[in-house]
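Letters go in sequence order (proteins before strands), and every chain restarts at 1. Small disclaimer: the values here were computed from a predicted structure and weren't measured. Only heavy atoms go into these numbers, but all of them, side chains included; no hydrogens, no water, no symmetry mates.
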Amino acid sequence: MNQTHNQNMGAGHITNKGYITGFVLALLLTIISFGLVMTHIVSRQFAVIGLFVAAVAQMLVHLHYFLHLDRSSAQKWNVLALAFTALLLFIFVAGTVWVLYTLNSRMM
Amino acid sequence: MNTEVTNINANNTVELEHGHGAELKTFGFWIYLMSDLVLFSALFATFAVIGYNYAGGPGPKQLFDLPYLFTETMFLLFSSVTFGLTMVAMNGNAKKRVITGLVITFLLGLGFIFMELHEFYGLIAAGHGPSRSGFLSAFFTLVGTHGTHVFFGLIWIIVMISQVVKKGLTDGVRSRMMRLSMFWHFLDLVWIGVFTVVYLLGVL
């Protein structure tokens, strides 16, 4: 049973408890994100950093508790594909922002 | 249960091959999700570039209602959890609970879509449609693309409910449920990026 199911994402050794833990963590991080913006409790600069940290943390919570990615050998290729896509994502977004926001100064 | 499955596998090599096929399908679907992520990254990049050009029109501060967005976000998060619990029920072969779980997940997803459409409708009715400014074009494209994904996810859930009812929890149905759960959790993951970058950073 474990042998067959461990290899499958979304259903390997899953328990109600795992989903509830993931849910509580995701809920807390969402509340932190909204709280940072709605309460103005910290300066804008800190709030921006806080938002990105909370977003990345919540994505990791979702990947771990909901999509069941881990460092086991069965998940190796899934994690590798995700890492490669994350690299592409970074190049696309950061590259686009870099090129377009410095367009004027570099065209002079 | 352990012995039962082991027996099936031992007696039937086809079953083993089938298991391997399911694993490959799962990986293939993961690759699809990753390509979908690339699509979203292009839309996020577009938003990052033109999302701050308001063309003299209203910006996020005037347009976005954060408590409303929080409720919308909760609908999607809850639906992700109910889908997870549905998958646990499926592993326990509890057909009725699987159907109940899918129906609840569907209703929560529907609530999310309704709230999003209501928001879009309000914006367009007030003259803040996609053609108003670069910000609104990027906003409608990114959020609308995510909403379209959720909409197709809802159709998929309906299909799976009818399959579970008609066929029961067969290998094929389980394999499809697995991919649907990945799709659904993936959409919730992308939504974290959307509400952080588009809504919260915009209002901040």
Could you tell me which portion of A:L51 (side chain, backbone, both or neither) has an atom closer than 4.5 angstrom to a non-hydrogen atom of chain B?
both

Measuring heavy-atom distances to chain B, does A:Y65 have an atom under 4.5 Å in its side chain, in its backbone, in both, or in neither?
neither

Heavy-atom pair with the smallest gap, counting every atom of B:L77 and A:A26:
CD1-CB, 3.8 Å

I'd like to verify something: which residue of B:L37, B:V203, B:V197 has the highest number of heavy-atom pairs under 4.5 Å with chain A?
B:L37

Strictly under 6.0 Å, is that where the ring centroids of B:F83 and A:Y19 end up?
no

Just verifying a value: how many Å separate B:M87 CE and A:T15 OG1, rounded to the nearest 0.5 Å?
13.5 Å

B:F78 vs A:F23, test: ring-ring contact (aromatic ring centres under 6.0 Å, His included). Steps then yes/no.
CA-CA 8 Å; B:F78 269 106; A:F23 168 67; 5.0 Å; yes

B:D188 versus A:Q58: any side-chain heavy-atom pair under 4.5 Å?
no

Nearest 0.5 Å, please: how far is CH2 in B:W191 from NE2 in A:H62?
13.0 Å

Distance col, row B:M90:CE vs A:I14:CD1, nearest 0.5 angstrom, shows 7.5 Å

Tell me which of these, A:V97, A:I20, A:L27, A:L88, has more heavy-atom pairs under 4.5 Å with chain B than the rest.
A:L27

One should read off an interatomic distance between B:L189 CG and A:L67 CG, to the nearest 0.5 angstrom, of 7.0 Å

Examine whether an atom of B:M177 lies under 4.5 Å from a heavy atom of chain A, and if so say whether it belongs to the side chain, the backbone or both; otherwise answer neither.
neither

For the candidates A:T85, A:V93, A:L100, which exhibits the highest count of non-hydrogen atom pairs separated by less than 4.5 Å from chain B?
A:T85

If I take atom OG from residue A:S33 and atom CG from residue B:L204, how far apart are they, to the nearest 0.5 angstrom?
11.0 Å

Engaged part of B:L85 at the chain A interface, taking heavy atoms whose separation is under 4.5 Å:
both

Where does the angle between the aromatic ring planes of A:F34 and B:F195 fall among parallel (under 30°), tilted (30 to 60°) and perpendicular (over 60°)?
tilted

Could you check whether any side-chain heavy atom of B:Y199 comes within less than 4.5 Å of a side-chain heavy atom of A:V37, counting everything from C-beta outward?
no

With heavy-atom distances below 4.5 Å as the criterion, would you say the side chains of A:L82 and B:W30 are in contact?
yes

I need the A:T30 OG1 to B:F70 CZ distance, nearest 0.5 Å.
6.5 Å

Between A:F92 and B:V38 the two heavy atoms that sit nearest each other are CE1-CG1, 3.4 Å

Using non-hydrogen atoms and a limit below 4.5 Å, what part of residues 45-64 of chain B faces chain A?
B:A45, B:A48, B:V49, B:Y52

Residue-level contacts of residues 39-49 of chain A with chain B, using a heavy-atom cutoff under 4.5 Å
A:R44, A:A47, A:V48

Quick check on B:L69 against chain A: is it the side chain, the backbone, both or neither that has a heavy atom closer than 4.5 Å?
both

Side chain to side chain contact (heavy atoms under 4.5 Å, CB included) for A:L89 and B:F40? Distances and angles first, verdict last.
CA-CA 9 Å; A:L89 210 148; B:F40 275 109; over 6 Å; no

